[in-house]
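Note sheet for the following structure.
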Amino acid sequence: MMKTNEKMIINGKRLDGRKPDELREIKMEVGVIPNANGSARVSFGKTIAIAAVYGPRKLFPRHKQESETGIVQYNYDMATFSVDERKRPGPSRREIEISKVSRLALEPTLFLKNFPKTTIDVFIEIIQADGSTRVTAINAASLALADAGVPMRDLVVGLSGGMIDGVPIVDLCGKEDNYCDADIPIAFLPNKNEITLLQMDGRLTPKETKAIVRNVLHVGKEIYKKQVEALKKKYSE
Ligand code: ADP
């Protein structure tokens with residue numbers, strides 16, 4: 001978290017005019033990559049993520065196979081052109097970490113034991129980044145898995161929360177991500193009220209943290225509704 005003298009909330013409005021608990025414009029579409037088993041494109045404002053799912057399919061090389069369960073391989077990549085200053089190509093430490101925690105965020109909703117020796121491959125490409133990319137990507141992954149027909153206990157909703165001058169906010173844009181008091185990306189199963197990802201960058205009291213998490217779980221229900229609509233749209237067409 002960097003510090004800035006710029007006010008992040010003025011007269012109750014954020015930098016982009018949003019209220020503290022207001023989401024950016026959200027767009028979701030499934031079935032955007034014909035060759036994948038399932039796919040989705042999700043944008044939160046200027047942040048755009050594309051997800052492609054392949055599998056469950058037999059895992060090779062064979063020594064990677066688990067005889068008792070299937071596995072998930074999650075690959076988060078931020079395109080070189082997704083940010084203002086060209087990003088160095090190739091997986092960074094940040095991308096490796098995000099891939100790992102995102103995989104852990106999805107696994108609890110899957111019935112991996114039913115698919116021994118297989119892999120479900122999830123490829124994420126961030127084609128434009130303006131904050132909250134990992135949670136935007138998790139929404140895309142959730143939709144792509146559902147689109148692929150992979151059995152799931154629940155969809156997975158991703159949403160970031162934060163705090164500016166003691167006020168909880170949701171869906172941080174890039175500038176807020178860099179400069180607000182704290183940034184908490186969260187993923188959860190909306191019908192099970194189960195949190196599967198919770199990270200924190202910044203310093204907060206337990207009370208502040210709880211307020212942000214509660215707020216994210218509440219506003220996140222809107223995202224769940226949009227996911228369901230996006231899935232219905234494909235199958236009603
Ligand atoms: P998240 O995107 O999940 O919030 P971070 O907190 O690591 O993850 O990143 C916050 C934001 O910082 C990103 O969404 C992106 O807008 C910006 N950012 C991340 N990495 C880079 C980079 N290499 N170059 C420029 N901007 C970046």
Side-chain angles (χ1 to χ4, degrees), residues 1-4 6 8 14-16 18 20-28 40-51 72 74-107 122-144 156-164 168-188 195-204 208-209 212-213 215-217 219-220 223 227:
M1 292 283 125
M2 287 176 274
K3 274 281 161 203
T4 176
E6 195 181 338
M8 306 289 289
R14 292 155 65 180
L15 297 174
D16 52 11
R18 280 185 289 158
D21 61 357
E22 192 176 333
L23 299 165
R24 289 177 284 184
E25 188 190 3
I26 294 178
K27 291 185 190 155
M28 298 185 176
R41 182 184 195 277
V42 172
S43 62
F44 277 48
K46 290 189 204 138
T47 293
I48 307 174
I50 292 178
V72 175
Y74 191 104
N75 189 69
Y76 165 102
D77 182 67
M78 223 167 85
T80 53
F81 53 82
S82 67
V83 283
D84 290 338
E85 287 269 327
R86 180 175 176 276
K87 194 219 107 197
R88 198 170 167 272
S92 60
R93 278 183 58 174
R94 172 179 172 272
E95 287 164 305
I96 293 166
E97 176 223 305
I98 293 178
S99 297
K100 180 186 172 178
V101 295
S102 305
R103 169 175 64 76
L104 295 174
L106 293 173
E107 279 175 354
V122 183
F123 292 95
I124 299 293
E125 197 62 44
I126 304 297
I127 57 170
Q128 197 166 274
D130 183 27
S132 305
T133 61
R134 78 192 68 196
V135 287
T136 305
I138 286 171
N139 291 306
S142 164
L143 284 175
V156 184
V157 167
L159 179 60
S160 61
M163 188 158 270
I164 299 175
I169 59 166
V170 295
D171 186 20
L172 281 62
C173 67
K175 231 175 179 182
E176 290 173 332
D177 211 317
N178 288 334
Y179 297 115
C180 84
D181 305 338
D183 158 23
I184 306 189
I186 293 176
F188 66 102
I195 293 174
T196 59
L197 167 83
L198 197 156
Q199 296 180 285
M200 179 154 92
D201 184 7
R203 291 180 75 112
L204 293 171
E208 288 170 332
T209 310
I212 294 172
V213 172
N215 198 37
V216 164
L217 295 183
V219 180
I223 297 172
Q227 287 194 11

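One-based numbering, in listed order, for ligands and for the atoms of each. This structure is a prediction, so every number in the text was calculated from the model and none was measured. By convention here, the first residue in the shown sequence is residue 1.
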**Prompt:** Between R93 and E97, is the closest basic N to carboxylate O distance under 4.0 Å?
**Reply:**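 Salt bridge between E97 and R93, a charged N being under 4.0 Å from a carboxylate O: no.
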**Message:** Looking at E95 and R88, is there a salt bridge between them, counting it only when a charged N and a carboxylate O are closer than 4.0 Å?
**Reply:**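 Not counted as a salt bridge, because no side-chain N and carboxylate O are separated by less than 4.0 Å.
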Could you tell me whether some N/O pair between [X] and ligand 1 is separated by less than 3.5 angstrom?
| X | answer |
| --- | --- |
| N178 | no |
| G174 | no |
| Y76 | no |

Discussion item. For the backbone of G158 and the side chain of N139, can you confirm whether one donor and one acceptor N or O come within less than 3.5 Å of each other?
Written reply: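 Yes, N139 side chain to G158 backbone: donor-acceptor pair under 3.5 Å.
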What are the atoms of ligand 1, with element, lying closer than 4.0 Å to any heavy atom of [X]?
| X | value |
| --- | --- |
| D183 | 6 (O) |
| A129 | 15 (C), 16 (O) |
| D130 | 16 (O) |
| V83 | 24 (N), 25 (C), 26 (N), 27 (C) |

With rounding to the nearest 0.5 Å, note down the distance linking CG in L15 to SG in C173.
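Those atoms lie 6.0 Å apart.
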Would you mind telling me if ligand 1 is within reach of the side chain of [X], the backbone, both or neither, using heavy atoms under 4.0 Å?
| X | answer |
| --- | --- |
| D84 | neither |
| K87 | side chain |
| D177 | side chain |
| M78 | side chain |

**OP:** Could you find the nearest protein heavy atom to atom 8 (O) of ligand 1 and give me its residue, atom name and distance?
**Re:**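 Ranking protein heavy atoms by distance from atom 8 (O) of ligand 1, first comes R134 NH2, 2.9 Å.
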Exercise for review: Measure from atom 7 (O) of ligand 1 to every heavy atom in R94, K175, E176 and give the option owning the shortest one.
Suggested key: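 Residue with the shortest heavy-atom distance to the ligand atom: R94.
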> Using a distance-only test with no angle check, is there a side-chain donor-acceptor pair under 3.5 angstrom linking Y76 and R94?
Replying inline: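 Indeed, the side chains of Y76 and R94 share at least one donor-acceptor pair under 3.5 Å.
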- Mark whether atom 27 (C) of ligand 1 lies under 4.0 angstrom from at least one protein heavy atom.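 Under the 4.0 Å cut-off, atom 27 (C) of ligand 1 does have protein heavy-atom neighbours.
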